[in-house]
**Q** 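Quick one: structure below, then a few questions.
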Protein chains: 2
Amino acid sequence: MKKNTEVTIYDLAKKLNLATSTISRALNSHHSISQKTIDKVKKAATEMGYRPNNLAASLRNKKTKTIGVLLPTIAQPFLSALISGVETTAQEAGYNVVIMQSHDSYEEEVNLTQSLYSSRVSGVICCLAMETSDTAHFKIFTDNNIPLVFVDRVPKHADTYRVMIDNYAAGYKATKHLIDQGCLKIAHITRASEFGNIYSERKKGYLDALKDNNLQIDAKLIVNLKSVSYEETETAANKLFNLKNPPDGIFAAGDMMAIIAIQCAKKRGIKIPEELAVIGFNNDPNSRIIEPNLSTISHPAEKMGQASSEIILKNLEQSTKDDIRDITVLNTEVLVRESSKRK
Amino acid sequence: MKKNTEVTIYDLAKKLNLATSTISRALNSHHSISQKTIDKVKKAATEMGYRPNNLAASLRNKKTKTIGVLLPTIAQPFLSALISGVETTAQEAGYNVVIMQSHDSYEEEVNLTQSLYSSRVSGVICCLAMETSDTAHFKIFTDNNIPLVFVDRVPKHADTYRVMIDNYAAGYKATKHLIDQGCLKIAHITRASEFGNIYSERKKGYLDALKDNNLQIDAKLIVNLKSVSYEETETAANKLFNLKNPPDGIFAAGDMMAIIAIQCAKKRGIKIPEELAVIGFNNDPNSRIIEPNLSTISHPAEKMGQASSEIILKNLEQSTKDDIRDITVLNTEVLVRESSKRK
DNA sequence: TTGTATGCGTTATCAT
DNA sequence: ATGATAACGCATACAA
């Protein structure tokens with residue numbers, strides 16, 4: 001039935017006739033304090049309803065034990081799984097996670113980096129907004145020795161940690177898989193992004209796989225979407241199917257795009273995978289619900305989150321400043337399901 | 001090229017020959033400071049690379065401008081949409097959001113409430129863990145005037161804000177819809193939860209709809225799942241279909257359960273919706289990908305998040321302590337799609 | 001309109 | 001093993 005009374009270490013000190021410094025040390029089980037005192041203090045603390053004030057400790061210690069996560073949105077299977085990985089790992093280490101959404105806006109992202117800095121987060125994990133090309137606003141972190149990890153959508157040039165997959169190799173593998181199924185006219189549906197390199201890397205893989213297998217590159221078979229709205233994707237798919245020379249395979253840079261293309265094809269009576277083999281990217285839950293089940297590229301979202309957290313934590317725990325700003329590349333694999341399995 | 005130098009208001013004061021209090025007020029655009037001084041201070045601040053330290057301000061003000069969100073997991077469409085709503089609203093008001101996952105464990109939930117309290121969050125939004133029956137660990141918030149909102153999975157008895165849907169009415173509506181389609185033997189697949197009342201409310205609605213329409217209640221047609229794993233749900237569905245008297249309609253308390261049931265039925269050649277009409281709950285993205293498209297109950301996740309945030313914010317902004325711990329009930333509606341549309 | 005002084009709750013340094 | 005005290009960066013009551 002305690003009310004507004006915030007119990008502090010002063011109250012404990014008064015009650016036990018000890019100094020605040022002793023109380024503080026006892027609460028932290030400092031080795032220089034006798035076990036007897038530690039027990040006594042902790043007992044009194046719970047009795048009096050003492051709750052440590054992290055704010056004060058953080059101010060004093062100049063470290064907050066919270067990791068800032070800045071990403072386009074939470075409401076996307078890949079990103080929410082990534083956050084989940086970040087959060088679980090951080091939580092185990094006693095760190096909190098604050099999350100901010102840029103909504104894919106450069107301007108919001110800039111503001112939020114300020115806000116993260118002002119909150120004195122111990123480390124930052126960021127998946128860049130679609131709009132972002134320039135990453136100068138992250139300099140504030142590196143300048144102030146705050147570990148920074150870019151994940152998935154990473155800048156091309158940056159002397160910071162990066163956690164990613166090999167998008168080029170994945171794009172190549174996906175395309176090669178379709179070729180192995182006998183596809184000769186493979187379309188590519190992707191997102192138009194001027195700067196983000198993940199889609200352009202996937203496309204590069206696609207192009208090289210075609211080249212390496214002596215397949216012709218047809219610009220009409222490459223579609224760049226401005227957004228992944230249902231309408232826009234559907235329109236694009238229909239345009240592909242209406243070509244004089246329609247595709248017999250589609251590599252979509254995301255599962256939703258692939259799924260919409262499949263739905264679209266089915267409406268037109270196109271047989272999948274016989275007439276059209278389709279492969280997506282990400283392994284969203286959706287990919288196992290669409291019929292036929294969608295072949296796709298696994299994307300270790302949760303693991304990427306964990307890896308990012310671990311880099312931050314390692315960097316924070318060890319005082320030895322290693323300036324290795326290295327790149328972590330996680331594996332992907334082709335998941336073959338019914339949408340592309342011809343043999 | 002600034003290094004470890006943290007610029008504080010002291011530095012600004014020294015530089016401009018002003019008192020720290022003047023600097024502080026100027027930075028906050030306090031009305032008692034001349035515009036000229038305000039401009040001068042702000043200019044110097046940006047020049048010197050000053051960044052406010054929220055930590056210090058929070059300690060001083062005894063308010064952190066952060067909202068704590070405690071829920072089972074992030075990686076679920078409904079919950080990530082909910083968080084998104086919380087976060088967007090909070091962000092607009094200049095509040096941060098820290099997120100913690102209980103992983104549906106009571107023990108973790110208890111620990112995390114402590115941790116949230118120690119972080120001195122300004123308010124708390126919580127969706128209870130599946131395991132949680134007793135909510136005494138939240139008393140610390142109400143005792144200390146920290147606004148607390150339970151959302152979706154709320155405790156039955158609690159003098160705190162609650163944001164939810166009318167699960168009873170929704171269950172009733174869903175069942176009534178199937179009855180309207182001519183179903184006579186309607187099964188109900190739900191989650192076994194001893195305490196959480198959302199599933200039991202939905203079931204109550206189901207039962208009452210049957211009664212009100214003079215349909216017999218058959219215990220064999222009611223399935224309580226321990227988890228929503230694919231395997232367990234599939235087994236349960238098959239058991240239903242193997243009954244002497246199999247159902248001609250299914251009301252599942254979640255979309256995934258409904259989807260698995262549909263997939264299972266299709267494998268057995270059961271025609272949907274002609275032989276079996278199915279309706280789910282939540283309106284997950286998945287529900288529009290399964291074929292036939294799944295009828296379901298809309299669940300305003302994003303809105304629930306917003307509403308929760310707004311309650312916290314309103315409570316924080318106004319100093320007038322209104323002790324109205326009221327319940328916000330949001331609307332749901334039946335979304336009729338192909339899986340249940342018979343006429 | 002601006003300045004002085006103090007406290008928010010901790011932890012760390014230096015002493016005892 | 002324990003104590004006294006300063007400091008973290010900011011905001012406010014009070015004074016001028």
Side-chain angles (χ1 to χ4, degrees), chain A residues 4-42 44-45 48-66 94 115 117-122 144 319, chain B residues 4-42 44-45 48-66 94 115 117-122 144 319:
Chain A
N4 273 325
T5 35
E6 286 280 343
V7 180
T8 73
I9 57 174
Y10 284 101
D11 301 318
L12 289 173
K14 205 177 297 171
K15 176 89 166 189
L16 298 176
N17 273 324
L18 287 171
T20 58
S21 49
T22 307
I23 303 291
S24 173
R25 284 188 279 242
L27 289 171
N28 293 314
S29 303
H30 196 279
H31 60 269
S32 76
I33 302 289
S34 75
Q35 192 58 47
K36 210 174 113 192
T37 310
I38 292 184
D39 292 343
K40 196 171 57 180
V41 170
K42 288 193 175 173
M48 298 178 65
Y50 167 80
R51 305 287 160 181
N53 185 326
N54 288 348
L55 238 48
S58 293
L59 178 61
R60 176 65 229 242
N61 291 329
K62 288 171 165 281
K63 52 181 171 179
T64 52
K65 290 222 158 203
T66 86
S115 164
Y117 182 78
S118 293
S119 308
R120 296 299 189 275
V121 289
S122 298
N144 290 71
S319 48
Chain B
N4 274 324
T5 36
E6 286 279 342
V7 181
T8 72
I9 56 173
Y10 285 98
D11 302 317
L12 289 173
K14 205 176 297 170
K15 176 89 164 189
L16 298 176
N17 274 323
L18 287 171
T20 59
S21 52
T22 307
I23 303 290
S24 171
R25 284 188 275 244
L27 288 172
N28 293 315
S29 304
H30 196 279
H31 59 270
S32 76
I33 302 289
S34 74
Q35 192 57 47
K36 209 175 113 192
T37 310
I38 292 184
D39 293 342
K40 195 170 59 179
V41 170
K42 288 194 174 172
M48 298 179 64
Y50 168 79
R51 305 285 160 183
N53 185 326
N54 288 347
L55 238 49
S58 294
L59 178 60
R60 174 66 226 242
N61 292 328
K62 287 170 165 282
K63 53 181 170 181
T64 51
K65 291 219 155 205
T66 85
S115 166
Y117 182 78
S118 292
S119 307
R120 296 298 190 274
V121 289
S122 299
N144 289 70
S319 48

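Excluded from the calculations below are hydrogen atoms, water molecules and symmetry mates; all remaining heavy atoms, backbone and side chain alike, are included. Worth saying up front: this structure is predicted, and the values here are computed from it rather than measured.
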**Q** Scan B:Ser21 against the nucleic acid and name what it touches under 4.0 Å (heavy atoms): base, sugar-phosphate only, or nothing.
**A**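 Here B:Ser21 touches the bases of the nucleic acid.
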**Q** With a 4.0 Å cut-off on heavy atoms, is A:Ser32 in touch with a base, just the backbone sugar-phosphate, or nothing at all?
**A**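 The residue A:Ser32 makes base contact.
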**Q** Here's a test of your reading of the structure: between B:Ile38 and A:Arg51, which maps to the more 5' nucleotide of DNA chain C?
**A** B:Ile38
**Q** Would you indicate which nucleotide in C:dG3, C:dG9, D:dC10 comes nearest to any side-chain atom of B:Tyr50?
**A**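 Of the options given, the side chain of B:Tyr50 lies nearest D:dC10.
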**Q** Name the closest nucleotide to the A:Glu6 side chain, picking from D:dG9, C:dA12, C:dG9.
**A**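 My answer, after comparing the listed nucleotides, is C:dG9.
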**Q** Quick one about B:Thr37 and B:Ser34 (side-chain donor to acceptor, distance below 3.5 Å, no hydrogens or angles considered), yes or no?
**A** yes
**Q** Can you identify which nucleotide, out of C:dG9, D:dT12, C:dT2, has its nearest atom closest to the A:Tyr10 side chain?
**A** C:dG9
**Q** Is it the case that A:Ser24 and A:Ser21 place a side-chain donor and acceptor less than 3.5 Å from each other?
**A**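 The answer is no; no qualifying pair exists.
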**Q** Look at all strands and tell whether A:His31 reaches a base, only sugar-phosphate, or nothing, counting heavy atoms closer than 4.0 Å.
**A**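 Sugar-phosphate, backbone atoms only, no base.
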**Q** Closest approach to the side chain of B:Ser24, judged atom by atom: which nucleotide of D:dA11, C:dG3, C:dG9 is it?
**A** D:dA11
**Q** Figure out the CG/C1' separation between A:Leu27 and C:dG9, and round it to whole Å.
**A**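 Atom-to-atom, A:Leu27 to C:dG9, this comes out as 12 Å.
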**Q** From C:dG9, C:dT13, D:dC10, pick the nucleotide closest to the side chain of A:Arg25?
**A**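 Within the option list, the nearest is C:dT13.
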**Q** Any side-chain heavy atom of A:Glu6 sitting closer than 4.5 Å to one from A:Asn53?
**A**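 Heavy-atom side-chain distance check fails, nothing below 4.5 Å.
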**Q** Hey, does the side chain of B:Asn28 come within less than 4.0 Å of D:dA11's phosphate (OP1/OP2), counting only N and O?
**A**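 Yes, within the criterion.
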**Q** Please determine, for the side chain of A:Leu18, which listed nucleotide (C:dT2, C:dG9, D:dG3) has the closest atom?
**A** D:dG3
